[in-house]
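Remember, it's a predicted structure, so these values are computed and weren't measured experimentally.
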Amino acid sequence: MRWRPSLIWKAALPLTCSVVSGLLVETLNLPRWWGWVLVPATLLLAVPLIRGELQRQETVGLPTVTDLPALADSLAVAARAECARERAHHRSDDPLPLPVSWQPAESRLVDQPANVRGTRLGRRTTRLNLAGTLHQIAKVYARIPSGRLVILGRAGAGKTVLASELLSQLLDDRQTGERVPVMFALHSWNPNAELKVWLAEQLARRVPALSAPFEAAISRDGQISRAAAMLDAGLILPILDGFDEINPGLREQAMRQLNRTAGLALILTSRGDEYCKAVKRSGVLSRAEGIVLDDLDLSTIEEYLPRTTNRLVPGTGNGIWQPVLARLRQQPDDPAAAVLREVLQTPLMVFLARANYCDTGSEDPAELLDAQRFPTHEAVEEHLIAAYLPAVYRRQSPRGPHWRPDRAHRWLVYLAAHLEAQQTTDLAWWQLRDSVPQRERISFLNWGWNGALIVATAMTGLVTGSMVFAASNMFLPGNLIILVQRRWVRGTSPVPQAKRIQLNLRELNFAMAHGAAAGIPAALFLTGIASETTLGIVAGIGVGTAVTLGIAFGIPRPADQTWAASVTDSLSADRVHTLRPTLMGGLGIMLAMGVVGGGVFRYGVTAGVVIGLAAALVIGPALILPYAWGQWLLLVRGYLAITRRLPWRSVAFLQDAYQRGVLRQAGAVYQFRHSRLQTYLAQQSTRAASPSQRQPARR
């Protein structure tokens, strides 16, 4: 057995309390029976603490995956529900899915057929026929024995759409105990980190329940998370979206990392040109086949777009798209028609054209043929992207508040700039506080907390008539708290806690031992000062109960594996996790401060109540600051709303953006529906800042 620091301090705490209790009995000239009761009682507190630590250290055993298939089944149920919800919001089936087809990739971009098939030496094999259409993607993927597929295509060609459809079909066909497909955006992957380690972190980030330790599996470095255990057991099928979004200087390293996991089945999407360059430098993805998405042909566009709207050209019986599509067909040499034909060859631009002209009922798509406004295909694409948000926010919200388009645009620009700065596509609510620079966070904390201290000190001074007492009990300790708690806003953001299973007897015993270790000396000390046993007992019980309940509700316990987190679920679970221990601990401190001020110093009941409330004003922010929800409340719903960077009802705004199709939901995080939309909005933030940065200083 190895003696850990946690075992030492757990043993030292009650032993120290027993020594302090004995010294106080002698110093304060209390009756001898106090010592005979308190010293043995506090010594006995060491027994359950040490026993609990020894039991925890003895849980080391051989790795097992007994419970992992059930955990995978639970994750698959949640992923299937999320896919259905996303499909409804994306409206990909209304009125029908946009046809997407592909052809096998060039032989120089894929591994040898024998390696893909796993053919033994001495046997010949041929390359697989992987051509197909959207509804066949799962069957096409099933033909690949290695389970490794590369999906290539140009920007907006529908790579993510195809990968999402593959994920959905695999979930529909999945049998109990099989692997679960999960989409990962490679934008935030630093290839210097091992792929499986990064995948486990991302999976735990999406589903906080999977961040809990997997008790049946132990690695050399200690317990591993449930997410890591599922990856090691082969129960996760990673769909890695956006290889081209990795930093160009790191793609060679990324390919090497991918090839180190040759036994891991995966799907990889990338733009064709970027992938070709990576292959030239580092070779193909081992044991992987590949497909290249086809451009949409004009006949497909002519059939699809008119079916997405019933709007007619005023004064005619023709649909709004018929004159445009007729010109594309009949005037192939027209420069404007040629530009628009090129733009509409990708599903992304067809989607944006539909969103801007079919769903709003105000604009005429014939404007896209204005050669003066849109001389190039880049100009048309930028117009479609720029018009998307105004078109979406012109529609009335299906439920909840209606956000003004200009404000919604400003807030989304801020969020996109934050994601680009973090080099990620995952909009995690608990990391929004990182959008505030560290210096601003500390400044806001200092000013806000000192304001609360001034109010609390004034309240205490008015009811007691002694500013010396008020300052010594509020202002001086409060500033000490500020100095201690500043570390929580300097470092990395806290991780939210998942919904957890019920408290067990061992954890309750642990909490009660710590509560007694805190309450008994507090009762003894206050009894000696006030020379009143009742006051000491009341204060000691308050402190002990607060510590017991705070620890009991704050112990990190295994998460319920049947719980699947959404953004609102994650926020709600961490709010409960934050409020339970802080309210319990805060009530105990309020009670102790009230007893000290009102009873020990004899300022009266009214003064005791006011002193307790003033203490709550000071300690409240300090108690919630170490938690993810606490920083969300103070910095996101507080500071960012005050500075008008985000609305006060941030969750409602994000949920509304999700309902409108601007964002999509991936477990406990949001993502922009299209990476190009995120990039475009982030560029808007840069352009807005540039004039002020370039402006010369006035003399």
Interatomic spacing from [atom1] in [X] to [atom2] in [Y] - rounded to 0.5 Å:
{"X": "E274", "Y": "L152", "atom1": "CD", "atom2": "CG", "value": "10.5 Å"}
{"X": "Q659", "Y": "Q665", "atom1": "CD", "atom2": "CD", "value": "9.5 Å"}
{"X": "S164", "Y": "Q169", "atom1": "OG", "atom2": "CD", "value": "11.5 Å"}
{"X": "Q253", "Y": "N192", "atom1": "CD", "atom2": "CG", "value": "5.5 Å"}
{"X": "L654", "Y": "W411", "atom1": "CG", "atom2": "CH2", "value": "11.0 Å"}
{"X": "L235", "Y": "L71", "atom1": "CG", "atom2": "CG", "value": "8.5 Å"}

Any heavy-atom pair between the side chains of [Y] and [X] that's under 4.5 Å?
{"X": "L98", "Y": "V161", "answer": "no"}
{"X": "L389", "Y": "L681", "answer": "yes"}
{"X": "L264", "Y": "P238", "answer": "yes"}
{"X": "V662", "Y": "L677", "answer": "yes"}
{"X": "L75", "Y": "L210", "answer": "yes"}
{"X": "S286", "Y": "N115", "answer": "no"}
{"X": "I137", "Y": "V100", "answer": "no"}
{"X": "H187", "Y": "D426", "answer": "no"}

* To do: Report the C-alpha separation of V140 and L166 in whole Å, then their side-chain angles, then the decisive distance to 0.1 Å, and conclude whether the side-chain contact (heavy atoms from CB on, under 4.5 Å) test is met.
  => CA-CA 10 Å; V140 169; L166 174 57; over 6 Å; no
* **For Q671, the option from L663, T425, L427, L419 that meets side chain to side chain contact (heavy atoms under 4.5 Å, CB included)** => T425
* Asked: Among R637, Q431, R575, which one satisfies side chain to side chain contact (heavy atoms under 4.5 Å, CB included) with W632?
  -> R637
Nearest atoms (heavy-atom pairs only) where [X] meets [Y]:
{"X": "Y414", "Y": "S435", "result": "OH-OG, 2.7 Å"}
{"X": "R143", "Y": "A131", "result": "NH1-O, 4.2 Å"}
{"X": "G177", "Y": "P69", "result": "CA-CB, 4.3 Å"}
{"X": "I246", "Y": "P191", "result": "CG2-CG, 4.2 Å"}
{"X": "N259", "Y": "V284", "result": "ND2-O, 3.4 Å"}
{"X": "I151", "Y": "K159", "result": "O-CD, 4.0 Å"}

On the 0 to 90° scale, with breaks at 30° and 60°, tag the [X]-[Y] ring pair as parallel, tilted or perpendicular.
{"X": "W198", "Y": "F184", "result": "tilted"}
{"X": "F351", "Y": "H674", "result": "tilted"}
{"X": "F243", "Y": "Y275", "result": "perpendicular"}
{"X": "Y393", "Y": "F653", "result": "parallel"}

Ignoring hydrogens and angles, tell me if any N or O in the side chain of [X] forms a donor-acceptor pair with the backbone of [Y] under 3.5 Å.
{"X": "D244", "Y": "R271", "result": "yes"}
{"X": "W430", "Y": "Y627", "result": "no"}
{"X": "Q678", "Y": "F672", "result": "no"}
{"X": "R441", "Y": "L635", "result": "no"}
{"X": "Q202", "Y": "L199", "result": "no"}
{"X": "S570", "Y": "V567", "result": "no"}
{"X": "R179", "Y": "L237", "result": "no"}
{"X": "R433", "Y": "Q631", "result": "no"}
{"X": "S146", "Y": "R287", "result": "yes"}
{"X": "R206", "Y": "M183", "result": "yes"}

* side-chain contact (heavy atoms from CB on, under 4.5 Å) between L240 and W189: does it pass, once the steps are laid out? -> CA-CA 10 Å; L240 308 177; W189 178 37; 6.0 Å; no
* E194, CD atom: more than 12 neighbouring heavy atoms under 6.0 Å -> no
* To do: Decide yes or no on side-chain contact (heavy atoms from CB on, under 4.5 Å) for R226 and V207, but give the supporting numbers first.
  => CA-CA 10 Å; R226 290 175 171 179; V207 186; over 6 Å; no
* Asked: Does any donor atom in the side chain of D241 or T269 lie under 3.5 Å from an acceptor atom in the other side chain?
  -> yes
* Any side-chain donor near an acceptor of the partner, Y670 and Q655, under 3.5 Å -> yes
* After noting the C-alpha distance and the side-chain angles of W629 and L579, does the key distance pass the side-chain contact (heavy atoms from CB on, under 4.5 Å) rule? -> CA-CA 9 Å; W629 181 82; L579 290 179; 3.7 Å; yes
